[in-house]
Amino acid sequence: MADEISKDAAAQQRIVSHMQKDHHDSIVRYLEHYSKVSAWTAQSGVLTAVDLNGMTLKASGKTYRIAFDPPLKSYSEARERVVAMDNECLKGLGRSDITIDEFIWPTGRYGVEFTIILGIFTAYSQRWWFAPGGIVERSLGAGLAKFSYRIQPWLFGGLLVVHAAELAYFVPARLRKHSINPRTGMFWLWCVAQAVAGVGCLKRFDALVETKRVAKGKQQHRGALFFTSTQCVLHALFGT
């Protein structure tokens with residue numbers, strides 16, 4: 001009996017440690033989906049305990065209980081169950097199975113685009129720079145200064161409207177969809193990059209998602225091959 005209790009306690013600790021270390025994004029989704037906690041609050045979530053009947057989690061000082069339905073028969077079922085529950089969360093929250101957990105700085109072509117657009121934003125942010133006798137007229141000539149003075153409100157205002165609309169689309173369609181939480185610095189890095197670069201940032205983000213999707217597919221394929229090979233070996237050795 002004592003050995004059984006000791007084994008169960010060890011199994012519980014392994015599950016809690018593994019989930020905290022490698023699957024915090026799943027913990028956040030459990031809180032959002034099952035406990036109806038906001039994304040901001042759920043980001044602080046921690047798994048504090050697990051037993052055959054469910055999980056105990058804490059977020060922002062409050063305790064939440066999420067039941068296993070039906071209860072586990074043994075802790076060997078835990079991995080399959082928490083994966084199934086996470087898949088249910090993904091479906092319920094409208095999230096992708098690809099979680100983005102990094103920010104990619106703009107380099108190469110994307111870096112050039114980012115620099116050019118940021119330069120335009122900066123250059124046309126102040127109309128008085130293009131006024132008669134201003135710095136642009138003195139440095140680059142009256143023709144450019146006069147033309148830029150005339151178009152500055154329309155160009156700068158238009159850029160703000162377009163990029164704001166793109167950002168309003170990007171946040172739910174990409175950041176939330178791929179479980180990037182607004183409580184993280186990474187969320188705001190992507191927002192700033194999108195606000196500046198617009199479509200270029202969207203393409204960079206989609207390329208990252210595709211890279212992770214391909215890597216996940218390869219990992220699943222290797223796992224399937226390993227399982228098949230193991231089954232073949234067992235059949236050859238034992239006829240089972």
Side-chain angles (χ1 to χ4, degrees), residues 24-25 28-29 32 37-45 59-60 93-216:
H24 183 256
D25 57 326
V28 172
R29 287 191 288 266
E32 287 186 82
V37 173
S38 70
W40 183 271
T41 300
Q43 182 63 23
S44 66
S60 296
L93 295 168
R95 304 278 174 81
S96 169
D97 62 330
I98 303 297
T99 296
I100 297 300
D101 55 4
E102 61 181 310
F103 175 76
I104 302 297
W105 294 95
T107 58
R109 175 172 64 87
Y110 295 120
V112 173
E113 291 177 357
F114 184 90
T115 302
I116 291 173
I117 297 172
L118 181 60
I120 293 172
F121 262 117
T122 303
Y124 283 88
S125 64
Q126 303 294 324
R127 196 182 191 195
W128 64 269
W129 290 345
F130 306 104
I135 185 173
V136 174
E137 183 177 280
R138 295 196 305 269
S139 304
L140 301 173
L144 177 62
K146 185 176 181 180
F147 174 74
S148 296
Y149 185 83
R150 188 165 55 248
I151 69 168
Q152 188 274 342
W154 302 100
L155 177 60
F156 186 70
L159 284 172
L160 285 179
V161 170
V162 170
H163 284 244
E166 290 175 340
L167 180 60
Y169 167 79
F170 183 72
V171 169
R174 294 298 187 274
L175 299 186
R176 289 179 186 163
K177 181 179 179 181
H178 293 282
S179 298
I180 301 181
N181 194 280
R183 199 167 178 172
T184 64
M186 180 174 57
F187 177 93
W188 296 104
L189 282 174
W190 278 114
C191 283
V192 170
Q194 173 64 30
V196 174
V199 175
C201 179
L202 182 66
K203 291 180 178 178
R204 193 167 84 250
F205 189 92
D206 287 347
L208 175 60
V209 171
E210 183 59 25
T211 297
K212 287 186 174 291
R213 192 177 300 281
V214 170
K216 183 175 182 178

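Computed from a predicted model, the values in this text were never measured in an experiment. All values below come from the heavy atoms of this structure, side chains included, with hydrogens, waters and symmetry mates left out.
- Two residues are said to be in side-chain contact when any heavy atoms from C-beta on lie closer than 4.5 Å; I180 and R174 fail this criterion.
- In this structure, CZ on F187 lies 11.5 Å from CD on Q43, to the nearest 0.5 angstrom.
- Within the 4.5 Å cutoff, the side chain of R183 has heavy atoms near those of the S44 side chain.
- How far CG of L159 is from OH of Y124: 10.5 Å, rounded to the nearest 0.5 Å.
- Aromatic ring centres of F147 and F130: separated by at least 6.0 Å.
- Taking all atoms of both residues into account, the shortest heavy-atom contact from A195 to H163 is O-ND1, 2.8 Å.
- Here the CG-CG distance, from L167 to L160, works out to 12.0 Å after rounding to the nearest 0.5 Å.
- By the 30° and 60° cut-offs, the orientation of the rings of F170 relative to W190 is tilted.
- Distance CZ/R204 to SG/C201: 4.5 Å, rounded to 0.5 Å.
- In this structure the side chain of F205 never reaches within 4.5 angstrom of the side chain of Q194, judged on heavy atoms.
- No donor-acceptor contact under 3.5 angstrom links the side chains of D25 and S179, judged on distance only.
- In this structure, A197 and F114 approach most closely via the heavy-atom pair CB-CD1, 3.9 Å.
- When all heavy atoms of R95 and E32 are compared, the pair lying nearest together is NH2-OE1, 2.8 Å.
- Here the shortest heavy-atom pairing between L175 and C191 reads CD1-SG, 3.8 Å.
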For this session: Give the intermediate values and the outcome of salt bridge (charged side-chain N to carboxylate O under 4.0 Å, His left out) for residues E102 and K212.
Result: CA-CA 11 Å; E102 61 181 310; K212 287 186 174 291; 3.2 Å; yes
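- The minimum heavy-atom distance between T122 and W129, with the atom names listed, is O-CZ3, 3.0 Å.
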For this session: With side chain to side chain contact (heavy atoms under 4.5 Å, CB included) as the test, would you mind laying out the steps for V192 and F103 before giving the verdict?
Result: CA-CA 11 Å; V192 170; F103 175 76; over 6 Å; no
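- Of the inter-residue distances, the one linking K146 atom NZ with R150 atom CZ reads 6.5 Å to the nearest 0.5 angstrom.
- Judged by distance alone, with hydrogens and angles left aside, the side-chain atoms of E210 form no donor-acceptor pair with the main-chain N or O of D206 at under 3.5 Å.
- With rounding to the nearest 0.5 Å, the separation of CG in L208 from CG in D101 is 8.5 Å.
- Across every non-hydrogen atom of Y149 and R127, the tightest pair is O-NE, 2.9 Å.
- A donor-acceptor contact closer than 3.5 angstrom is absent between the side chains of S60 and T41.
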Exercise. Do E166 and L202 pass the side chain to side chain contact (heavy atoms under 4.5 Å, CB included) test, and can you show the C-alpha distance, the side-chain angles, and the key distance before you say yes or no?
Worked result: CA-CA 9 Å; E166 290 175 340; L202 182 66; over 6 Å; no
